[in-house]
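Okay, so here's the structure we're looking at.
Values in this document were obtained by computation on a predicted structure and should not be read as measured data. FYI, the numbering just counts along the sequence from 1. When reading the values below, keep in mind they use all heavy atoms of this one structure, side chains included, and skip hydrogens, waters and symmetry mates.
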Amino acid sequence: MNRLNGLLIDDLQDLLHAEMQLVEALPKMAESAHHPKLREAFEKHLTQTRGQVERLKKVFELLGEKAQPKPCRGMKGLVEEGEEVIEGYEGEDEIAADLAVIGAAQKVEHYEIAAYGTARALARQIGEREVATLLSHSLGEEESSDYLLTELSKPLLQDALLEEQSASVNSKKSKRA
């Protein structure tokens, strides 16, 4: 049981650092978003992420441990990749830029979904029901954010497709003239 408890603490320390990195990264993502609903989604998720940091601190308290983050290299890589996407699409087509940022954000969400799912399973295994409940709440928020990003991408993809089809038709017309 002690090894599983240690593993849970390790995972939670990693998650705490991951969330702290996102508190720093989400404002940049919001600022880079062109579509108002995407910007709003990032801003809402920033508020949720701050709440998740507080929730993780409560989890540590319940476990009688100090809320001390452990460097999360996985999230660091995802955040760096997101920054590269933002920089790479700066000044480019707004729809493509937003779709690229959504893709980067969903990679982050999937990482968090996996991390919270694993931590929740460990908490359940060692009988930490209240901890598991708190982690389930954060997991649900991450799943909702992922779903919202998918829904936001659908009209953007439609717009991009329509633009490409229109450009193709116009190109064919100008060749005939």
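Here the shortest heavy-atom pairing between V79 and A25 reads CG1-CB, 3.9 Å. Of all the heavy atoms in G88 and E92, the pair that sits closest is O-CG, 4.0 Å. In plain terms, the two heavy atoms of A119 and L15 that are nearest each other are CB-CD1, 4.3 Å. Residues V85 and A104 come closest through the heavy atom pair CG2-CB, 4.4 Å. Here the shortest heavy-atom pairing between A132 and R120 reads O-CG, 3.7 Å.
Hydrophobic clustering (side-chain heavy atoms under 4.5 Å, transitive across Ile, Leu, Val, Met, Phe, Trp, Tyr) keeps Y147 apart from L99. When the side chains of ILVMFWY residues are joined at heavy-atom separations under 4.5 Å, either directly or via intervening members, L162 and I95 end up in two distinct hydrophobic clusters. In the hydrophobic clustering of this structure, L161 does not group with L152; members are Ile, Leu, Val, Met, Phe, Trp, Tyr whose side-chain heavy atoms approach within less than 4.5 Å, directly or through other members.
A donor and an acceptor atom, one from each side chain of H17 and Q21, are located under 3.5 Å apart.
Two residues are said to be in side-chain contact when any heavy atoms from C-beta on lie closer than 4.5 Å; L149 and L38 meet this criterion. F60 places a side-chain heavy atom less than 4.5 Å from the side chain of L12. Inter-residue side-chain proximity for D93 and E163 is flagged as met; some heavy-atom pair is nearer than 4.5 Å.
Between the side chain of E142 and the backbone N or O of E109 there is no donor-acceptor pair closer than 3.5 Å.
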Working note: L22 + L46, criterion side-chain contact (heavy atoms from CB on, under 4.5 Å); need CA distance, chi angles, decisive distance, verdict. CA-CA 8 Å; L22 286 178; L46 174 59; over 6 Å; no
H137 vs T133, side-chain contact (heavy atoms from CB on, under 4.5 Å): CA-CA, chis, key distance, verdict: CA-CA 6 Å; H137 190 72; T133 299; over 6 Å; no
For F42 and T49, run side-chain contact (heavy atoms from CB on, under 4.5 Å): C-alpha distance rounded to whole Å, both residues' side-chain angles, the deciding distance at 0.1 Å, then the answer. CA-CA 10 Å; F42 285 138; T49 302; over 6 Å; no
Go through Q13 and D10 one step at a time and tell me if the side-chain contact (heavy atoms from CB on, under 4.5 Å) criterion holds. CA-CA 5 Å; Q13 290 172 330; D10 223 33; 3.7 Å; yes
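The line from CG of D159 to NZ of K154 is 14.5 Å long, rounded to the nearest 0.5 Å. With values rounded to the nearest 0.5 angstrom, L157 atom CG is found 8.0 Å from I102 atom CD1. Rounding to the nearest 0.5 Å places CG of N5 at 4.5 Å from CD1 of I126. In this structure, CD in Q125 is found 7.5 Å from CG in L4, a value given to the nearest 0.5 Å. Distance CD/E141 to OG1/T47: 10.5 Å, rounded to 0.5 Å. For the atom pair L63 CG and E130 CD, the distance stands at 10.0 Å (nearest 0.5 Å).
Between E54 and R50 there is no salt bridge, since no side-chain N of the basic residue sits under 4.0 Å from a carboxylate O of the acidic one.
Summarising the local packing, NZ of K70 is surrounded by more than 12 heavy atoms from other residues, nucleotides or ligands at distances under 6.0 Å. No more than 12 heavy-atom neighbours from other residues, nucleotides or ligands sit within 6.0 angstrom of CD on E31.
Partner of S138 under the side-chain hydrogen bond (donor to acceptor under 3.5 Å, both in side chains) criterion, chosen from E143, E19, R55, E112: R55. Exactly one residue among H35, R39, H34 makes a side-chain hydrogen bond (donor to acceptor under 3.5 Å, both in side chains) with D98. That residue is H34.
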